[in-house]
**Q** 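Let me begin by handing over the structure; questions about it come next.
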Amino acid sequence: MDFIVTTAAKKLSKLKKKIRVIPGGTSAGKTFNILPILFSKACVTPNLSISVVSETMPHLKKGAMRDYLNILRATGRYEKSMWHKTDSIYTLPNDSYIEFFSADDEARVRGPRRNILYVNEANALKFDTFYQLMIRTDLEIWLDFNPSAEFWAHEELQHHPDAEWLTLTYLDNEALSESIVREIEYNKIKAYNNPNLTIPQLFEEHNIKNHYWHNWWMVYGLGMTGQVQESIYQNWSQIDAIPLGAVYVGTGLDFGFSNDPTAIVDMYRYNGKKIFDEVAVGTGMGINETVTYLKKDFKRRVIADRSAPLLIEEIKRKGVNIKAYDATDGKGSISYGITVMQEEPFLVTKRSTTIVKELRGYVWEKDRSGNLTGSPIKHNDHTMDAMRYIGSTDSRMSKPIRTRRARLIT
């Protein structure tokens with residue numbers, strides 16, 4: 001892993017006020033540049049206490065915590081003896097430490113004080129949670145987020161006398177590959193009739209080709225605050241783990257094509273509610289790897305993306321109970337599946353970080369006049385499709401498949 005001093009790193013290092021608010025677009029390098037700054041502070045200042053906080057522990061493990069450990073390993077600074085994996089604390093020889101914990105850990109949110117706080121993806125936290133952390137921090141507070149819509153930071157910190165704001169975009173991150181830059185900038189072409197416009201012109205209605213991609217470009221391309229877009233699913237909440245006694249119903253499988261990821265999602269029922277649990281999401285997942293996941297821990301009953309009959313047949317030959325998502329009489333349509341999923345509240349395990357992310361960004365497409373079309377945006381929706389395959393199929397089963405009762409997972 002090659003490291004260069006990016007524009008983002010230079011801008012972040014110049015911040016001086018206690019509260020440092022970092023909105024930014026996709027691939028701007030917010031987390032990857034804030035973490036080394038915190039590590040450097042811990043190295044040069046004895047007895048410094050630093051807390052890195054995010055929405056849930058699974059989110060931290062797949063995000064900021066993994067980035068931190070990867071940075072240390074890539075730069076030859078990682079010492080196994082300093083990392084307490086159980087407590088998620090990295091302690092330096094000078095007794096400074098960096099700890100990682102989740103915002104749903106009430107004891108630690110309202111627990112001991114610290115010198116420096118870093119809240120990763122702050123817009124996923126409630127204000128009261130942030131405030132409890134803030135009043136227990138005496139030196140520095142860092143917050144980052146994608147500004148998809150206004151939230152408490154805009155009201156509480158926009159004019160705070162001890163706060164400064166720094167917006168970062170992908171253009172501040174020279175470490176990005178050309179292919180990622182091309183992919184980001186291609187979305188501008190999808191957004192506007194003429195992508196070569198000034199920023200004020202991008203807001204003029206006649207220049208907007210697609211309202212979703214216009215909003216996407218504002219938020220993830222330019223790091224500007226976007227407009228609230230109502231998510232398709234409003235009837236879900238997170239659960240710590242699959243409870244004992246939950247009944248496995250089946251698994252949804254959405255095949256990945258080209259650069260799209262394959263998504264595998266298990267569904268359980270407990271006390272009348274559906275529970276979805278992310279098994280695997282990844283690009284470049286071949287047949288053998290997919291089958292390995294489908295056979296992991298127990299035999300699954302799989303409902304798969306019907307657009308790939310040859311893949312389904314090959315997986316079936318390898319001993320997996322699999323069939324294509326039923327499309328008869330319109331009951332396999334996207335709108336039908338969404339309607340079924342909207343009929344009753346459902347739960348998602350906290351370790352299902354991709355599902356949670358996609359749920360929050362799964363919105364209706366709009367036409368050029370800004371009217372809803374009745375079709376969801378086809379973007380970052382792979383676990384949504386997998387959930388829909390099994391979630392709407394279950395509602396049509398005369399005898400739901402119940403192959404196993406769940407053990408407690410973490």
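Only this structure's heavy atoms are used, side chains among them; waters, hydrogens and symmetry mates stay out. Treat the numbers as computed from the prediction; the structure is a model and nothing was measured.
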**Q** Could you pull out all residues at least two apart from Y131 that satisfy ring-ring contact (aromatic ring centres under 6.0 Å, His included)?
**A** F127
**Q** If the condition is side chain to side chain contact (heavy atoms under 4.5 Å, CB included), which residues does L310 pass it with, not counting sequence neighbours?
**A** none
**Q** For S54, what residues pass the side chain to side chain contact (heavy atoms under 4.5 Å, CB included) criterion, not counting sequence neighbours?
**A** H59, L60, N120
**Q** Sequence neighbours excluded, which residues qualify as side chain to side chain contact (heavy atoms under 4.5 Å, CB included) partners of T137?
**A** R114, L117, I141
**Q** Identify, with sequence neighbours excluded, every residue that meets salt bridge (charged side-chain N to carboxylate O under 4.0 Å, His left out) alongside D305.
**A** none
**Q** Using ring-ring contact (aromatic ring centres under 6.0 Å, His included) as the criterion, list what pairs up with Y233, not counting sequence neighbours.
**A** F346, Y362
**Q** Can you list everything that forms a ring-ring contact (aromatic ring centres under 6.0 Å, His included) with Y68? Sequence neighbours excluded, please.
**A** Y90, F100
**Q** Could you work out, with salt bridge (charged side-chain N to carboxylate O under 4.0 Å, His left out) as the rule, every residue matching E106, not counting sequence neighbours?
**A** R110
**Q** Enumerate the residue pairs fulfilling ring pair (Phe, Tyr, Trp, His ring centres under 6.0 Å) with a member in residues 159-191, sequence neighbours excluded, ordered by first and then second residue.
**A** H154-W165
**Q** Only counting residues at least two apart or in another chain, list the ones meeting ring-ring contact (aromatic ring centres under 6.0 Å, His included) with H214.
**A** Y192, F203
**Q** Applying salt bridge (charged side-chain N to carboxylate O under 4.0 Å, His left out), which residue pairs with at least one partner in residues 353-365 are found, sequence neighbours left out?
**A** E55-R360
**Q** Can you name the residues that form a side chain to side chain contact (heavy atoms under 4.5 Å, CB included) with T167, not counting sequence neighbours?
**A** P23
